[in-house]
Structure formats: C-alpha cells, structure tokens
Amino acid sequence: GQNQQIETMTALEFTYHIGKVSKSLKPFAMKLTRDYEEANDLLQDTLLKAFTNRDKYTEGTNLKAWLYTIMKNTFITNYQRMVRKNTFIDTSDNLHYINSMESSTDNLAISAFAMNDINRAVSALEDAYKTP
C-alpha cells in the first residue's frame with residue numbers, strides 16, 4: 001500500500017533522480033565558479049556529497065533545492081580554503097553574495113543567486129505584460 005512509498009529510495013533510484021536534476025545544477029555551478037573546469041569539479045563534489053548523505057535527504061522535499069544547498073556550501077568551503085591559501089582573489093560581487101548567503105539560514109530552499117534570476121525573470125515578464 002501507500003506506506004511503501006515513504007521508505008527511502010534505493011541508491012540506484014537516488015542516483016537516477018540526482019542525474020536528472022544535475023543538468024539544472026550546471027548553470028548554477030558556472031555562475032558560482034565562472035570557470036568551466038571548476039564548475040565541473042564543483043558539480044562532481046556536490047553529487048558525491050549528495051550521494052554520501054542520501055540518508056539525510058527526506059523524500060518529498062525539493063531535491064533540486066537540497067542539491068543547490070549542498071553545492072552552495074561546497075563552494076563556500078572550497079572558496080574559503082582557496083582564500084586561506086591566497087591562491088584566489090576575486091574582486092567580483094560573488095563575495096558579497098556568498099557572505100549574505102552564509103549569514104542567511106542554511107536551509108533557505110533557493111539561494112540568493114536563484115532568487116535574483118527569478119526576480120529578474122519576473123520583472124521582465126511584468127514589463128512585457130504591463131498594460132499601456
């Protein structure tokens with residue numbers, strides 16, 4: 001009956017779902033790293049972490065949002081590691097976003113990046129549909 005649905009997904013199912021969502025994670029990785037190779041690395045790290053922590057994922061919650069959060073946190077960790085090594089200086093506004101994202105609660109379903117994109121898209125739509 002219904003109860004079976006609640007049981008955790010098998011590793012195979014989980015991998016399949018992550019694979020489907022990972023396509024939409026790639027642009028986010030690119031936006032964070034601004035580098036094709038690093039974006040790929042970040043995506044790999046994220047998927048690996050997600051797979052390792054799949055027992056922490058509650059089925060029914062937004063998988064994409066969960067993966068975004070892992071990616072964001074992975075990026076911040078890597079970024080801080082790079083900053084400590086001083087191998088990486090970025091004067092872009094990425095730092096501002098990361099800092100504001102970090103101070104905001106961790107389980108924010110959608111990151112500041114995604115929100116900006118959504119807001120931009122929404123205002124573009126509103127412009128298109130504004131009555132003369």
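Residue indices begin at 1 and follow the sequence shown.
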> Looking only at heavy atoms, which two atoms of Ala29 and Ala39 are closest? And how far apart?
Replying inline: CB-O, 3.7 Å

>> Under the criterion side chain to side chain contact (heavy atoms under 4.5 Å, CB included), I'd like the reasoning laid out for Ile76 against Lys72: C-alpha separation, chi angles, the key distance, then a yes or no.
In response: CA-CA 6 Å; Ile76 289 166; Lys72 180 191 74 178; 4.0 Å; yes

>> So, taking the atom named OG1 in Thr52 and the one named CZ in Arg54, what distance separates them when rounded to the nearest 0.5 Å?
In response: 8.0 Å

> Excluding sequence neighbours, so at least two apart, what forms side-chain hydrogen bond (donor to acceptor under 3.5 Å, both in side chains) with Asn40?
Replying inline: Lys26

> Ile18 and Ala50: which non-hydrogen atoms are nearest, and at how many Å?
Replying inline: CD1-CB, 3.7 Å

>> To the nearest 0.5 Å, what is the distance between CG on Asn53 and CG on Asp55?
In response: 6.5 Å

>> I'd like to know if Tyr68 and Met30 are part of one continuous hydrophobic network [Ile/Leu/Val/Met/Phe/Trp/Tyr, side-chain heavy atoms within less than 4.5 Å].
In response: no

>> Classify the ring geometry of Tyr57 against Trp66: parallel below 30°, tilted from 30° to 60°, perpendicular beyond 60°.
In response: tilted

>> List the residues meeting side-chain hydrogen bond (donor to acceptor under 3.5 Å, both in side chains) with Asp35, not counting sequence neighbours, and say none if there are none.
In response: none

> Can you list every pair that meets side-chain hydrogen bond (donor to acceptor under 3.5 Å, both in side chains) and has a residue in residues 14-24, with sequence neighbours left out?
Replying inline: none

>> Apply side chain to side chain contact (heavy atoms under 4.5 Å, CB included) to residues Leu47 and Leu25 and explain how you reach the verdict.
In response: CA-CA 10 Å; Leu47 299 181; Leu25 287 175; 4.2 Å; yes

>> Could you see if Met71 belongs to whatever hydrophobic cluster contains Leu63? Use Ile, Leu, Val, Met, Phe, Trp, Tyr and a side-chain cutoff under 4.5 Å.
In response: yes

> Can you name the nearest heavy-atom pair linking Phe75 to Leu32, along with the distance?
Replying inline: CZ-O, 3.3 Å

>> Using every non-hydrogen atom in the two residues, find where Ile70 and Thr74 come nearest and quote the distance to one decimal.
In response: O-OG1, 2.6 Å

>> Before you tell me yes or no, could you show the steps for Asp41 and Asn78 under side chain to side chain contact (heavy atoms under 4.5 Å, CB included), namely the whole-Å CA-CA distance, both residues' side-chain angles and the distance that decides it to 0.1 Å?
In response: CA-CA 11 Å; Asp41 289 348; Asn78 294 351; over 6 Å; no

> Of the non-hydrogen atoms in Phe14 and Phe51, which two are nearest, and what is the gap between them?
Replying inline: CE2-CA, 4.0 Å

